[in-house]
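The structure appears below as structure tokens.
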Amino acid sequence: MMHPGMMGPGMMGQGMIYGMPGRYEQEIAPEQVREMLQRRLDWHGNPRLKLGEIKPTEHGEILADIVTREGSLVQRLAIDRRTGALRQVD
């Protein structure tokens, strides 16, 4: 039986591997996104992945690319600058 706040197998949504959104006093800067995602990539320990380009958009998000060591795109994430919420961009 599941209790509130618990997650079962297969219940991780896209972007959940990188954590839940937080609350921030001020808007998140691209460098803060880089630091957060680098810590999480380090934690996963996959030496074949690294951070690619991280850039703000005109829609109040920051786009971050996770790439292979050779530079091929693995995943693109959009991070809300106000809440820190992550979503995968197709």
Side-chain angles (χ1 to χ4, degrees):
M1 175 180 255
M2 298 290 286
H3 297 283
M6 294 181 68
M7 295 183 79
M11 294 182 71
M12 289 180 67
Q14 290 182 351
M16 288 294 294
I17 194 168
Y18 298 104
M20 295 293 290
R23 295 176 193 215
Y24 300 93
E25 301 275 326
Q26 52 189 302
E27 286 192 356
I28 301 168
E31 188 53 42
Q32 291 172 293
V33 169
R34 178 172 295 284
E35 291 170 8
M36 174 189 69
L37 291 177
Q38 186 61 58
R39 282 192 307 270
R40 292 176 184 183
L41 280 177
D42 292 346
W43 182 81
H44 286 287
N46 186 339
R48 296 180 301 241
L49 298 179
K50 66 178 186 173
L51 290 175
E53 186 176 17
I54 296 179
K55 61 183 176 184
T57 71
E58 58 198 40
H59 305 293
E61 295 179 316
I62 299 172
L63 290 181
D65 291 344
I66 297 174
V67 298
T68 64
R69 289 286 171 199
E70 294 78 28
S72 297
L73 181 65
V74 173
Q75 186 175 42
R76 179 165 288 149
L77 300 170
I79 298 93
D80 186 294
R81 293 179 71 131
R82 292 170 299 281
T83 66
L86 300 168
R87 67 178 176 86
Q88 184 172 332
V89 178
D90 295 326

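Start at 1 with the first residue, then count along the sequence. The model shown is predicted, which means the values in this text are computed figures rather than measured ones.
In summary, of the residues considered (I62, L37, L63), a side-chain contact (heavy atoms from CB on, under 4.5 Å) with L77 occurs for L37 alone.
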Exercise answer: donor-acceptor pairs, residues 45-60 side-chain atoms, under 3.5 Å, sequence neighbours excluded:
unit_1: N46; atom_1: OD1; unit_2: R48; atom_2: N; d: 2.9
unit_1: T57; atom_1: OG1; unit_2: H59; atom_2: N; d: 3.2
unit_1: T57; atom_1: OG1; unit_2: E61; atom_2: N; d: 3.3
unit_1: T57; atom_1: OG1; unit_2: E61; atom_2: O; d: 3.3

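Considering every non-hydrogen atom in both I28 and G84, the closest pair reads CD1-CA, 3.6 Å. Nearest heavy-atom pair, R81 versus A29, reported as atom, atom and distance to 0.1 Å: NH2-CA, 4.3 Å.
For the side chain to side chain donor-acceptor pair (under 3.5 Å) test, no residue two or more places apart in sequence or in another chain qualifies with R34. Every side chain to side chain donor-acceptor pair (under 3.5 Å) that Q38 has, sequence neighbours left out, goes to D42.
Grouping the Ile, Leu, Val, Met, Phe, Trp and Tyr side chains by contacts below 4.5 angstrom, directly or via other members, places I79 with V74.
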